[in-house]
Visitor: 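Structure incoming, see below.
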Amino acid sequence: MYSLLEAINNPQDLRQLDRKQLPQLAEQLRAFLLDTVSKTGGHLSSNLGTVELTIALHYVFNTPEDRLVWDVGHQTYAHKILTGRRNDMKSLRMLGGISGFPKRTESEFDTFGTGHSSTSISAALGMAVAARLAGNENRAVAIIGDGAMTGGMAFEALNNAGAMDANLLVVLNDNDMSISTPVGALNNYLAKLLSGRFYSAMRKGSEKVLKGMPPVLEFTRRAEEHVKGMVTPGTMFEEFGFNYIGPIDGHDLEVLVTTLDNIRKLEGPQFLHVVTRKGKGYMHAEDDSILYHGVGKFDPAYGIVAKQESKPTYTQVFGNWLCDMAGQDARLVAITPAMCEGSGMVKFSQNFPDRYFDVGIAEQHALTFAAGLACDGYKPVVAIYSTFLQRAYDQLIHDIAIQNLPVMLAIDRGGLVGADGASHAGSYDISYLRCIPNMTVMTPSDENECRQMLFTAYQMNTPTAVRYPRGVGPGIRIQEEMIALPVGKGEVRRAGKQVAILAFGSMLAPALQASENLDATVVNMRYVKPLDGELVMRMAHEHELIVTVEENTVMGGAGSAVAEYLAQCGIAIPLLQLGLPDRFIEQGDPALLLAECGLNAAGIENAVRKKLAG
C-alpha cells in the first residue's frame with residue numbers, strides 16, 4: 001500500500017524519484033497521514049493540505065543544509081514522515097514520543113522550534129543572513145500560513161527582509177483563499193514565467209541599460225508593477241522589496257517543483273504564493289476543516305462522531321457566562337486573537353455580532369485595542385490562551401495596568417495542556433501576572449466558581465484576570481445566578497491537623513484527596529492577588545507545616561506569594577511549595593504529566609510525608 005513511501009527514509013531518497021512518481025507518493029503519504037493521525041489524534045486538516053508542498057520543498061531544496069522553517073508547525077507531519085520519522089508517528093504527541101511541532105532536539109531537519117504563530121520569516125531571515133556571512137550557498141525558506149500573516153511580527157520581518165541582501169524565500173500557504181481568487185492555468189503559467197531566469201535576467205538587464213536615464217527607468221518600473229498588479233495580487237509584497245511569484249496551485253506537483261526549482265536559482269528575497277485546501281483528499285476534513293484541525297482518535301471511514309460530555313468544560317462555562325453577561329450589560333465587548341472556537345465564543349459571535357471582535361493572530365493589538373475601548377466606557381473581555389498572553393506582556397503592563405483600565409482577561413489553558421507540549425502550556429501566567437501593580441488574579445477551583453469569578457472580575461473597575469485550566473472540572477453543579485465573591489478571600493474546605501495545604505485553582509481537587517490520608521487542613525485560596533493574608537496568618541498559627549500547591553511554575557508563583565507574605569510578617573514556619581518544576585514539560589497525557597510533576601493526590605501526599613519526616 002505504501003511501496004513508494006516505505007522506500008523513503010530521508011529527503012535524499014525522495015530526490016532519487018522521477019518527477020512522475022511524485023503524485024503517487026503524495027497519495028500514499030496522504031493515506032498514511034490519515035491512518036496514523038486517526039489512531040493517535042493530532043492536527044489533521046492542516047497536514048493533509050500541505051502534502052504536495054512538503055514533497056516539492058524537500059525534492060528541490062537540499063535539506064537540511066537548506067533551511068525549512070515552518071510557521072506554527074502544526075502542518076509538519078508530512079515533513080516528519082519524509083525526514084526519517086515515519087515509524088515514530090505511532091508515538092505522535094505522546095509522553096516520550098515525537099512532538100506535534102518542529103523540535104530542534106528531535107531532528108536536524110527541524111531547523112527551528114515552533115508552536116506560536118508568525119515567527120518563521122524572522123527566523124528564516126536570520127538563517128539566510130547567517131549563510132551570507134558564512135559565505136555559503138545555503139537557502140532559507142519560511143513557510144507561513146495566511147492566518148499567521150495577520151500577526152504583526154510577520155510584517156516586521158518582511159519589512160526588514162526586503163532591505164536585506166539575503167537569499168530568503170517566503171512561501172505563503174494560502175489555505176483559505178483569503179488573499180487571492182482561485183488559481184488557474186494562466187496564473188500557473190505566469191508563476192513559472194516570473195520565477196524563471198529569463199524574466200529575472202531581463203529585469204536586471206533593463207535596469208543596467210536604463211540606469212543613465214532615470215525618468216525612463218522609473219517609468220519602466222512603474223509599468224512593470226502595474227502589469228504584474230493586474231495579473232497577480234502581489235503588489236504589496238513587491239513594495240516590501242520581494243519578487244512576488246504566484247499564486248500557484250499548491251496541489252500541482254509539476255507546477256510546484258518547476259517553480260521552486262526556478263526560484264532556488266534566484267538571488268535576493270523571493271515571495272511565492274501557494275494556494276492549498278485544508279483537509280485535501282479527505283472529504284470530511286475538506287467539508288469542515290475547523291472540526292478536523294485538531295482531532296482525537298476516530299474511525300476514518302465514519303469521521304468524527306460528536307461525543308456528549310457529561311460535564312461542561314471550563315471553556316464552555318466561559319462561553320455561556322459571556323452570553324449571559326452580555327445580555328445584562330450592553331457595555332460588554334468580547335475580543336479574541338483568532339481563537340473563536342477554541343475560546344468558546346462561537347455562540348457569542350452569533351448572538352452579539354456587533355460586540356464580537358476577532359482581531360486575527362495579533363495578541364499585542366488585542367490588548368491595546370481593548371484598552372482603547374475601555375478608555376471610552378466599554379467593558380472589554382479578552383478571551384486568550386495563557387501561552388498566547390505571553391506575547392502581549394508589554395501591552396498588558398504599559399497600555400492596561402499603568403492606566404488602571406477595566407480590561408478583563410479570561411485566560412484559558414492555564415497549566416499543562418497535554419499533547420501540544422511545552423510551546424502551548426500555560427505554566428507561567430501566575431508568576432508574570434502577580435507582579436503587575438493594579439492586577440487582580442483569580443484561580444477558580446471548579447466550574448461554578450469559574451462562573452462566579454468571571455462575574456466578580458467583570459464587576460471590578462480595574463484590570464482583572466480569571467485563569468482556568470483546559471478541559472473539564474470536577475463536576476460541580478453550576479448556579480445560573482451570578483454572585484460576586486468577596487475579593488481577596490479564600491475559604492477553608494477541610495479542617496485537619498498539623499498540615500495546612502493552600503490550594504490554588506485546579507489543584508484543590510487533588511489536595512482534598514491527599515488530605516484524607518494526611519488529615520490535613522485544605523484551603524481553597526481562590527485569589528493569587530490580592531492574597532488572603534489574614535487566612536494565611538491563621539493557618540500558620542494553627543499548623544506546623546504550610547504547603548502550597550499550584551499548576552504553575554514554582555518559581556515566582558502563588559507559593560512564592562505566600563512565602564513573601566510570611567517573611568514580611570516575620571513568621572518562621574516550615575513551608576513546602578509544590579508546582580511545576582524549573583524545566584519545560586513535554587507532550588503527553590495531562591494526568592501522566594501531572595503525576596510526573598508530583599501534582600496528583602499521591603504526589604502531594606508523598607511530598608508532604610517526606611517533608612514531615614525530614
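All residue numbers refer to positions in the sequence shown, counting from 1. This structure is a prediction, so every number in the text was calculated from the model and none was measured. What's counted below: heavy atoms across the whole structure, side chains too, no hydrogens, waters or symmetry copies.
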Visitor: Taking atom types as modelled, find out whether Arg331 and Tyr378 have a side-chain donor-acceptor pair closer than 3.5 angstrom.
Guide: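 Side chains of Arg331 and Tyr378: no pair found under 3.5 Å.
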Visitor: In Å and rounded to the nearest 0.5 Å, what is the OG to CZ distance from Ser99 to Arg85?
Guide: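 If we round to the nearest 0.5 Å, Ser99:OG and Arg85:CZ are 9.0 Å apart.
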Visitor: Any non-hydrogen side-chain atom of Pro574 less than 4.5 Å from a side-chain atom of Ile546?
Guide: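 No. Closest side-chain heavy atoms not under 4.5 Å.
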Visitor: Cut-off 3.5 Å, side chains only: do Asn404 and Thr462 have a donor facing an acceptor?
Guide: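 Short answer, no.
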Visitor: Rounded to the nearest 0.5 Å, what separates atom CD1 in Ile436 from atom NZ in Lys529?
Guide: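 Output value for this atom pair is 7.5 Å.
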Visitor: Do the ring planes of His424 and Phe101 sit parallel (below 30°), tilted (30 to 60°) or perpendicular (above 60°)?
Guide: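 Correct class here is parallel.
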Visitor: Supply the atom-to-atom distance Thr36 OG1 to Met89 CE, rounded to the nearest 0.5 angstrom.
Guide: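 Result: 4.0 Å between the selected atoms.
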Visitor: Between the main-chain N or O of Lys297 and the side-chain N or O of Lys39, is there a donor-acceptor pair closer than 3.5 Å?
Guide: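 Checked: no pair found.
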Visitor: In sequence, state the C-alpha distance, the side-chain angles, and the governing distance for Asp519 and Arg494, and then conclude on salt bridge (Lys or Arg N to Asp or Glu O under 4.0 Å).
Guide: CA-CA 9 Å; Asp519 191 21; Arg494 183 189 190 279; 3.3 Å; yes
Visitor: Using the rule given for salt bridge (Lys or Arg N to Asp or Glu O under 4.0 Å), can you reason through Asp446 versus Arg477, listing the C-alpha separation, both sets of side-chain angles and the distance that settles it, and then say yes or no?
Guide: CA-CA 9 Å; Asp446 61 49; Arg477 187 179 69 83; over 6 Å; no
Visitor: Would you say the side chains of His74 and Asn47 form a donor-acceptor pair under 3.5 Å?
Guide: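 On atom types as modelled, these side chains do not qualify, holding no pair under 3.5 Å.
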Visitor: Do the non-hydrogen side-chain atoms of Leu599 and Met507 ever get within less than 4.5 Å of each other?
Guide: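 With C-beta onward as the side chain, the pair touches.
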Visitor: Return yes if a side-chain donor-acceptor contact under 3.5 Å exists between Ser427 and Asn552, otherwise no.
Guide: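 Their side chains do not contain a donor-acceptor pair, so the 3.5 Å distance test is not met.
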Visitor: If you take the centroid of each ring, where Trp contributes its six-membered ring, are Tyr428 and Tyr432 closer together than 6.0 Å?
Guide: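 Not close enough - the centres of the two rings lie 6.0 Å or further apart.
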Visitor: Step by step, would you call Arg451 with Asp324 a salt bridge (Lys or Arg N to Asp or Glu O under 4.0 Å)?
Guide: CA-CA 10 Å; Arg451 180 176 171 86; Asp324 292 344; 3.0 Å; yes
Visitor: Compute whether any side-chain donor of one residue and acceptor of the other, for Tyr356 and Asn351, lie under 3.5 angstrom apart.
Guide: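 Result is no, nothing qualifies.
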Visitor: Please name the pair of heavy atoms, one in Ser386 and one in Gly426, separated by the smallest distance, quoted to 0.1 Å.
Guide: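 For Ser386 versus Gly426, the nearest heavy atoms are OG-CA, 3.2 Å.
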Visitor: Would Leu373 and Val333 satisfy side chain to side chain contact (heavy atoms under 4.5 Å, CB included), going step by step from the backbone distance to the final call?
Guide: CA-CA 8 Å; Leu373 282 160; Val333 291; 3.8 Å; yes
Visitor: Is the positively charged end of Lys489 above the ring of Tyr527, judged by distance under 6.0 angstrom from the centroid and angle within 45° of the axis?
Guide: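 No, cation not above the ring by the 6.0 Å, 45° rule.
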Visitor: List the atom of Leu580, the atom of Cys597, and the distance in Å for their closest heavy-atom pair.
Guide: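 Residues Leu580 and Cys597, closest heavy atoms: CD2-SG, 4.1 Å.
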Visitor: Carefully, step by step, assess Leu409 and Leu396 under the rule side chain to side chain contact (heavy atoms under 4.5 Å, CB included).
Guide: CA-CA 10 Å; Leu409 303 175; Leu396 178 56; 3.9 Å; yes
Visitor: Any donor-acceptor pair under 3.5 Å linking the side chain of Gln75 with the backbone of Asp71?
Guide: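 Checked: pair present.
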Visitor: Taking all non-hydrogen atoms of both residues into account, name the closest pair between Ala540 and Ile573 and its distance.
Guide: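 Result for this residue pair: O-CD1, 3.5 Å.
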Visitor: Write down the atom of Asn448, the atom of Gln479, and the distance for their closest heavy-atom approach.
Guide: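 Looks like OD1-N, 2.8 Å.
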Visitor: Just by distance, do the side chain of Gln452 and the backbone of Glu481 share a donor-acceptor pair under 3.5 Å?
Guide: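 Side chain of Gln452 to backbone of Glu481, a donor-acceptor pair under 3.5 Å: yes, one is there.
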Visitor: Is the backbone of Gly100 close enough, under 3.5 Å, to the side chain of Lys80 for a donor and an acceptor to pair up by distance?
Guide: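 No: the side chain of Lys80 does not pair with the backbone of Gly100.
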Visitor: Can you check whether Ile411 reaches Val466 side chain to side chain, under 4.5 Å on heavy atoms?
Guide: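 Sidechains of Val466 and Ile411: no contact.
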Visitor: With a 4.5 Å heavy-atom cut-off, do Val554 and Asp582 have their side chains touching?
Guide: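 Val554 does not reach Asp582 side chain to side chain.
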Visitor: On a heavy-atom basis, which atom in Glu586 and which in Leu593 lie closest, and how many Å separate them?
Guide: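 The pair with the smallest heavy-atom distance is O-CD1, 3.5 Å.
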Visitor: Measure from the side-chain N and O atoms of Arg434 to the backbone N and O of Gly556, and report whether any donor-acceptor pair falls under 3.5 Å.
Guide: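 Pair found, side chain donor or acceptor close to backbone of Gly556.
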Visitor: Rounded at 0.5 Å granularity, tell me how far CE in Met453 sits from OG1 in Thr464.
Guide: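 If we round to the nearest 0.5 Å, Met453:CE and Thr464:OG1 are 12.0 Å apart.
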Visitor: Counting N and O atoms only, with roles assigned by atom type, does the side chain of Tyr458 sit under 3.5 Å from a partner on the main chain of Val381, one being a donor and the other an acceptor?
Guide: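 A pair under 3.5 Å: no.
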Visitor: Quick one about Asp412 and Thr315 (side-chain donor to acceptor, distance below 3.5 Å, no hydrogens or angles considered), yes or no?
Guide: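 Their side chains do contain a donor-acceptor pair, which is all the 3.5 Å distance test asks for.
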Visitor: Could you walk me through whether Val562 and Phe504 pass the side chain to side chain contact (heavy atoms under 4.5 Å, CB included) check?
Guide: CA-CA 11 Å; Val562 173; Phe504 293 85; 4.2 Å; yes
Visitor: Under a 4.5 Å cut-off applied to non-hydrogen side-chain atoms, are Thr40 and Arg93 in contact?
Guide: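 Contact flag for Thr40/Arg93 side chains = no.
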Visitor: Is there side-chain contact between Tyr565 and Met537, with at least one heavy-atom pair below 4.5 Å?
Guide: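 Heavy-atom side-chain distance check passes, below 4.5 Å.
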Visitor: In terms of side-chain heavy atoms, does Thr336 have a donor or acceptor partner in Asp358 at a distance below 3.5 Å?
Guide: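 Side chains of Thr336 and Asp358: no pair found under 3.5 Å.
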Visitor: For residues His116 and Ser423, is any side-chain donor paired with an opposing acceptor at under 3.5 Å?
Guide: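 No donor-acceptor contact under 3.5 Å links the two side chains.
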Visitor: Please check this pair: side chain of Glu551 against backbone of Gly505, looking for a donor-acceptor N/O pair closer than 3.5 Å.
Guide: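 Side chain of Glu551 to backbone of Gly505, a donor-acceptor pair under 3.5 Å: no, none is there.
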Visitor: Using only atom types and a distance under 3.5 Å, with no angle test, would you say the side chain of Lys311 pairs donor to acceptor with the backbone of Gly473?
Guide: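 Looks like yes, one N/O pair under 3.5 Å.
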Visitor: Assess whether atom CD of Glu534 is packed by more than 12 heavy atoms of other residues, nucleotides or ligands within 6.0 Å.
Guide: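 No, because the 6.0 Å sphere around CD of Glu534 holds 12 heavy atoms or fewer from other groups.
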Visitor: First locate atom OH of Tyr292, then atom CD1 of Ile304, and finally report the distance between them rounded to the nearest 0.5 Å.
Guide: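 Between atom OH of Tyr292 and atom CD1 of Ile304 there are 4.5 Å.
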Visitor: Do Asp110 side-chain atoms and Lys103 backbone N/O form a donor-acceptor pair below 3.5 Å?
Guide: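 Looks like yes, one N/O pair under 3.5 Å.
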Visitor: Using 30° and 60° as the class boundaries, would you call the ring planes of Tyr314 and Tyr468 parallel, tilted or perpendicular?
Guide: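 Tyr314 and Tyr468: parallel rings.
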Visitor: Could you tell me whether the side chain of Ser45 and the main chain of Ser289 form a donor-acceptor pair under 3.5 Å?
Guide: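 Judged by distance alone, yes, a pair lies under 3.5 Å.
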Visitor: Are side-chain heavy atoms of Lys379 and Gln459 found at a separation under 4.5 Å?
Guide: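 Heavy-atom side-chain distance check fails, nothing below 4.5 Å.
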Visitor: Between Val492 and Val522, is there a side-chain heavy-atom distance shorter than 4.5 Å?
Guide: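 Not in contact.
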Visitor: Might you point out which heavy atoms bring Leu545 and Leu575 nearest each other, and give the distance in Å?
Guide: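 The answer is CD1-N, 4.2 Å.
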Visitor: Are more than 12 heavy atoms, taken from residues, nucleotides or ligands other than Ile290, located less than 6.0 Å from that residue's CD1 atom?
Guide: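 Check fails, neighbour count at 12 or below.
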Visitor: Does a donor on one side chain sit under 3.5 Å from an acceptor on the other, for Glu449 and Asn524?
Guide: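 Per modelled atom types, Glu449 and Asn524 side chains form a pair under 3.5 Å.
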Visitor: Kindly compute the distance separating OH (Tyr77) from CD1 (Ile98), expressed to the nearest 0.5 Å.
Guide: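 One gets 8.5 Å once the value is rounded to the nearest 0.5 Å.
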Visitor: Is Met460 atom CE crowded by more than 12 heavy atoms from other residues, nucleotides or ligands, each under 6.0 Å away?
Guide: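 Yes, the 6.0 Å shell around CE holds more than 12 heavy atoms from other groups.
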Visitor: Met153 vs Thr119, test: side chain to side chain contact (heavy atoms under 4.5 Å, CB included). Steps then yes/no.
Guide: CA-CA 7 Å; Met153 188 175 171; Thr119 62; 4.1 Å; yes
